[in-house]
There are 2 protein chains.
Amino acid sequence: MITIEEAEIRSKIIKAMAHPVRLMIIECLKDSTRSFSEIFDLFALDKSTVSKHLLVLKEAGIVSSKKSGTDMIYTLEVPCVTDFFGCVTAVIENNVRRQQVCLCKR
Amino acid sequence: MITIEEAEIRSKIIKAMAHPVRLMIIECLKDSTRSFSEIFDLFALDKSTVSKHLLVLKEAGIVSSKKSGTDMIYTLEVPCVTDFFGCVTAVIENNVRRQQVCLCKR
DNA sequence: TGCATTGTTGGTAAAAATACCAACAAACCA
DNA sequence: TGGTTTGTTGGTATTTTTACCAACAATGCA
């Protein structure tokens, strides 16, 4: 069995992914690095909000950043996190399927 | 690119996993179903708190429950979620490695 | 029926997360 | 050097999450 300390460490990393904006950021970093302004342009949010979402991902160790000229370049450090989305999709499909069963039976 | 609606649906499922207690519940359901009292005994928490954590997992479609005699039996609906923990461990190990690099260089 | 046992629900207080604005820092360029 | 662009940090209001207690519902048992 997992200890509570280990669970807390895991929780921080999973929590860092548990926000729609941060999920979209991870998705857009899946195939290549992106500059802050490219990421910022995806959302109708204040730049400080986007910057703070990136900080959450960085502190979790999911992305890293480096200065390049004027830009700040963000990189997905651990691409395997996107593998997980397949399982999340499986949960979603299972939910849909179960709801259909309910609808049919009642 | 993923839409914001899709990201919100995914986010709800990931958020359901993003708590140390709920991660431990998932871990303990990995190999077999468990009764409420077995799960409750893992924690020094009020029974209402544990019950509500289970409700969060249930509403996300991660676990299901069924009454069996006196007990409420909980089942992990989508075991693949535990596969993800391997990737979370990869993030943790990467973080440790990077911190060691920092410590050496400074 | 009366009384435990088992688990859920309602209410509330405290903590954490989120988004914005404003101010700031760093780098570039005119 | 002075101004512009790019991104971060500080502060604050709002929302969400969390945990407890108390009350309740459902089941089994004496």
Side-chain angles (χ1 to χ4, degrees), chain A residues 4-5 7-29 33-77, chain B residues 4-5 7-29 33-77:
Chain A
I4 184 72
E5 290 80 12
E8 279 166 358
I9 294 168
R10 289 188 189 183
S11 161
K12 276 178 197 157
I13 293 165
I14 296 174
K15 204 173 287 184
M17 283 191 266
H19 188 285
V21 167
R22 295 197 293 267
L23 284 177
M24 289 179 77
I25 292 173
I26 290 171
E27 274 282 347
C28 99
L29 291 174
T33 65
R34 301 280 181 193
S35 67
F36 176 85
S37 64
E38 284 179 304
I39 297 167
F40 172 65
D41 288 346
L42 295 174
F43 305 101
L45 290 172
D46 192 85
K47 60 187 171 169
S48 68
T49 302
V50 175
S51 180
K52 281 172 186 177
H53 278 303
L54 285 163
L55 184 62
V56 170
L57 289 171
K58 217 170 123 178
E59 287 181 340
I62 295 170
V63 307
S64 62
S65 64
K66 62 169 192 289
K67 195 86 183 169
S68 167
T70 316
D71 295 343
M72 185 65 82
I73 304 297
Y74 282 89
T75 305
L76 189 59
E77 271 292 303
Chain B
I4 183 72
E5 291 78 13
E8 279 166 359
I9 294 169
R10 289 187 188 182
S11 159
K12 276 178 198 158
I13 293 164
I14 297 175
K15 203 173 288 183
M17 283 190 265
H19 188 286
V21 167
R22 295 196 294 265
L23 284 178
M24 289 179 75
I25 292 173
I26 291 171
E27 274 282 346
C28 98
L29 291 174
T33 65
R34 302 279 180 194
S35 67
F36 176 85
S37 64
E38 284 179 304
I39 296 167
F40 172 65
D41 288 345
L42 295 174
F43 306 101
L45 290 172
D46 193 86
K47 61 189 172 169
S48 69
T49 301
V50 174
S51 180
K52 281 172 186 178
H53 278 303
L54 285 162
L55 184 62
V56 170
L57 289 170
K58 217 171 125 178
E59 286 181 342
I62 295 170
V63 308
S64 62
S65 64
K66 62 168 192 289
K67 194 88 183 168
S68 168
T70 316
D71 296 342
M72 186 65 82
I73 303 296
Y74 282 90
T75 305
L76 189 58
E77 272 292 303

Give the minimum heavy-atom separation between [X] and [Y], together with the two atoms involved.
| X | Y | answer |
| --- | --- | --- |
| B:Ala7 | A:Pro20 | CB-O, 3.6 Å |
| B:Ile13 | B:Ile62 | O-CD1, 3.8 Å |
| A:Tyr74 | A:Val63 | CD2-CG2, 4.0 Å |

Would you compute the distance between atom [atom1] of [X] and atom [atom2] of [Y] and round it to the nearest 0.5 angstrom?
| X | Y | atom1 | atom2 | value |
| --- | --- | --- | --- | --- |
| B:Ile14 | A:His19 | CD1 | NE2 | 12.0 Å |
| B:Leu45 | B:Ile39 | CG | CD1 | 12.5 Å |
| A:Phe36 | A:Asp41 | CZ | CG | 9.5 Å |

Take atom [atom1] of [X] and atom [atom2] of [N], then tell me their distance rounded to the nearest Å.
| X | N | atom1 | atom2 | result |
| --- | --- | --- | --- | --- |
| B:Glu38 | C:dT5 | CD | C1' | 16 Å |
| B:Lys58 | C:dG7 | NZ | C1' | 11 Å |
| A:Leu55 | C:dA17 | CG | P | 13 Å |
| B:Glu8 | D:dT16 | CD | C1' | 15 Å |
| B:Phe40 | D:dA19 | CZ | C1' | 13 Å |
| A:Asp46 | D:dT9 | CG | C1' | 12 Å |
| B:Leu54 | C:dT6 | CG | P | 16 Å |
| B:Lys15 | D:dT18 | NZ | C1' | 14 Å |

For the helix from C:dT1-D:dA30 to C:dA30-D:dT1, what is the angle between the axes at its two ends, each from 5 pairs, rounded to 10°? 10°
OP1 or OP2 of D:dA19 sitting under 4.0 Å from any side-chain N/O of B:His53? yes
Side chain to side chain donor-acceptor pair (under 3.5 Å) involving A:Ser64 - partner list, sequence neighbours excluded: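 Side chain to side chain donor-acceptor pair (under 3.5 Å) check on A:Ser64 returns A:Glu77.
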Could you check if a side-chain atom of [X] sits within less than 4.5 angstrom of a side-chain atom of [Y], using non-hydrogen atoms only?
| X | Y | value |
| --- | --- | --- |
| B:Leu54 | B:Ser65 | no |
| A:Ile4 | A:Glu8 | yes |
| B:Phe43 | B:Met24 | yes |

Residues in residues 19-28 of chain B with a heavy atom under 4.0 Å of DNA chain D, by number, are B:His19, B:Arg22
In chain order, what residues pass the salt bridge (charged side-chain N to carboxylate O under 4.0 Å, His left out) check against A:Arg22, with sequence neighbours excluded? none
Look only at the side chain of [X] and the backbone of [Y], and say whether a donor-acceptor pair between them is shorter than 3.5 Å.
| X | Y | result |
| --- | --- | --- |
| B:Asp71 | B:Ile73 | no |
| A:Ser35 | A:Glu38 | yes |
| B:Arg10 | A:Leu23 | no |

Give every pair of a protein N or O atom and an N or O atom of nucleotides 10-12 of chain D that lie under 3.5 Å apart, one pair per line with the distance.
{"unit_1": "D:dG10", "atom_1": "O6", "unit_2": "A:Lys52", "atom_2": "NZ", "d": "3.0"}
{"unit_1": "D:dG11", "atom_1": "O6", "unit_2": "A:Lys52", "atom_2": "NZ", "d": "2.8"}

Mind listing the N/O atom pairs, protein and nucleotides 3-7 of chain D, below 3.5 Å?
{"unit_1": "D:dG7", "atom_1": "OP1", "unit_2": "A:Met72", "atom_2": "N", "d": "3.3"}
{"unit_1": "D:dG7", "atom_1": "N7", "unit_2": "A:Lys47", "atom_2": "NZ", "d": "3.2"}
{"unit_1": "D:dG7", "atom_1": "O6", "unit_2": "A:Lys47", "atom_2": "NZ", "d": "3.1"}

